[in-house]
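The structure appears below as structure tokens.
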2 protein chains.
Amino acid sequence: MQTLTDRSISVDGMPTEVTPVPRARAADELKQAALEQFATVGFAGTSLQHIADAAGYAKSSVLYHYGSKEALLEAAIEPAVEGFEDVLEVFLAGRGSGRRRELVDRVVDLLLEHREAVHVFLTQGQSLAELPVIARANVAVRRLASAVCEERESVDDQVRFGIAIGGAAFLLTAGRNFADESTLPSDDEMRDALRRIIAEILTPARTPSN
Amino acid sequence: MQTLTDRSISVDGMPTEVTPVPRARAADELKQAALEQFATVGFAGTSLQHIADAAGYAKSSVLYHYGSKEALLEAAIEPAVEGFEDVLEVFLAGRGSGRRRELVDRVVDLLLEHREAVHVFLTQGQSLAELPVIARANVAVRRLASAVCEERESVDDQVRFGIAIGGAAFLLTAGRNFADESTLPSDDEMRDALRRIIAEILTPARTPSN
DNA sequence: TCAGAGTCTGCACGATCGGTCAGACTCCGG
DNA sequence: CCGGAGTCTGACCGATCGTGCAGACTCTGA
């Protein structure tokens, strides 16, 4: 059925001498394919066969680069989780008036760079809580919520934070299916709009008592 | 392994004479169990065995009440989709100044009543698009987006709508894992907060130019 | 030239998947 | 007392799941 050698002799038959950019090609291709599947069909619903097919490899290759399906998930979302932890640490260490605004900007950047990964641990954080990386992510999100709401724990603050982060994650992944493909904003347009609107959501329009 | 008759003689050995409330028990129990699984682990990641276990039945019973896994999904989310279509129809037929506000209120009610179902077709609407009910849901969401944004199709409006609906759906399902269980707001508190905050998000604080 | 490391693959395995089917049980009208 | 409808189940099927493993291929340093 399948062509047995089409990959080996694929692109170039030249003496090759290390191709400059694509070091560690396969591992990254597999990881990216896995991330997209995890975000759209869920971790449990994604099979190694589908990941391998999407990336153009054999199922065995996935297990060669990542020892198990769970290890692949860990490798795929770890950078996003670490980014979250870093942003949080910087925020908690700093002080000053522009802190909250800067936190929002950094989180929006993280969302844009790691949209699939964030979507994965936000929407599947419960069912995958036994995985160490997911547990770290859950802790980070909870700490972020506390940081954003400061000491005020009102229902309003919780709702505003939940809508902001969950909404942004939705918008950048699943939400794309509900927009016209032609009208899809660029990442820069998105970044600008998200920064403004999320900051606005988290700051109740400076009407203190009302 | 399993007790063979524990269900048949379970609670009451009395003459029984139709128990008043629980008509069509099994089918509804299975549907509810399925809905929760679909929302947390995803449709593809949910097995009929898990659904049956969670509801306390055998796998065969799921297939008896619903002919297939897909039919079960359809039955589970159809009420939510129909509710969406109804709300949309009322909005499009009506006119007047309070229309948008009323639309928001009705959608929030729908979200609270069918939170798992809405979460399912919002986050898995793409991968399940071949199912008729999901296709209907996708159309309804797209029409709702147009209705909320009126004729204005700016990036801001799209972002505001996406954050509002995706954020609310996240908050009511997956987001609950990031809140203290003791602090979990009641549905009425939620309804009130969601109505106010979502209306605020969709209406850019009447600062036209700024 | 050759040994070794690194990469990728096909094949095989036990488990579990969605789905079929025949039977067992309860209930009820005749 | 009986027969049929409704409900629930275990046994079974072929396909696919995640994973282990041995081999084939390419490259590189000695």
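Letters A, B, ... are given to chains in the order of the sequence lines, protein chains preceding strands, and every chain is numbered from 1.
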Salt bridge or not between A/Glu200 and B/Arg160? Use side-chain N to carboxylate O under 4.0 Å. yes

- [ ] Using only heavy-atom distances, determine whether the side chains of B/Asp28 and B/Gln32 contain a donor-acceptor pair under 3.5 Å.
- [x] no

When rounded to whole Å, the CD to P distance for the pair A/Gln37 and D/dG18 reads 11 Å

Axis-to-axis angle for the helix from C/dT1-D/dA30 to C/dG30-D/dC1, ends of five pairs each, to 10°, equals 10°

query = Do the charged groups of A/Glu78 and A/Lys31 touch, with an N to O distance under 4.0 Å?
reply = no

With B for base contact, S for sugar-phosphate-only contact and - for none (protein heavy atoms under 4.0 Å), nucleotides 11-20 of chain C reads B-----SBBB

Side-chain N or O of B/His65 closer than 4.0 Å to phosphate OP1/OP2 of D/dC8 = yes

Between OH of B/Tyr66 and P of D/dT7 the distance, given in whole Å, is 12 Å

Is any NZ, NE, NH1 or NH2 atom of the basic residue among B/Arg106 and B/Asp109 found under 4.0 Å from an Asp or Glu carboxylate oxygen of the other? no

- Salt bridge between B/Arg196 and B/Asp192, side-chain N to carboxylate O under 4.0 Å? yes

With a 4.5 Å heavy-atom cut-off, do A/Arg115 and A/Asp187 have their side chains touching?
yes

Using the ring centroid of each side chain, check whether B/Phe178 and A/Phe161 are separated by less than 6.0 Å. no

Lys/Arg cation over aromatic B/Phe43: B/Lys69, 6.0 Å, 45° cone = yes

A/Tyr64 vs C/dC8: side-chain N/O to OP1/OP2 distance below 4.0 Å: no

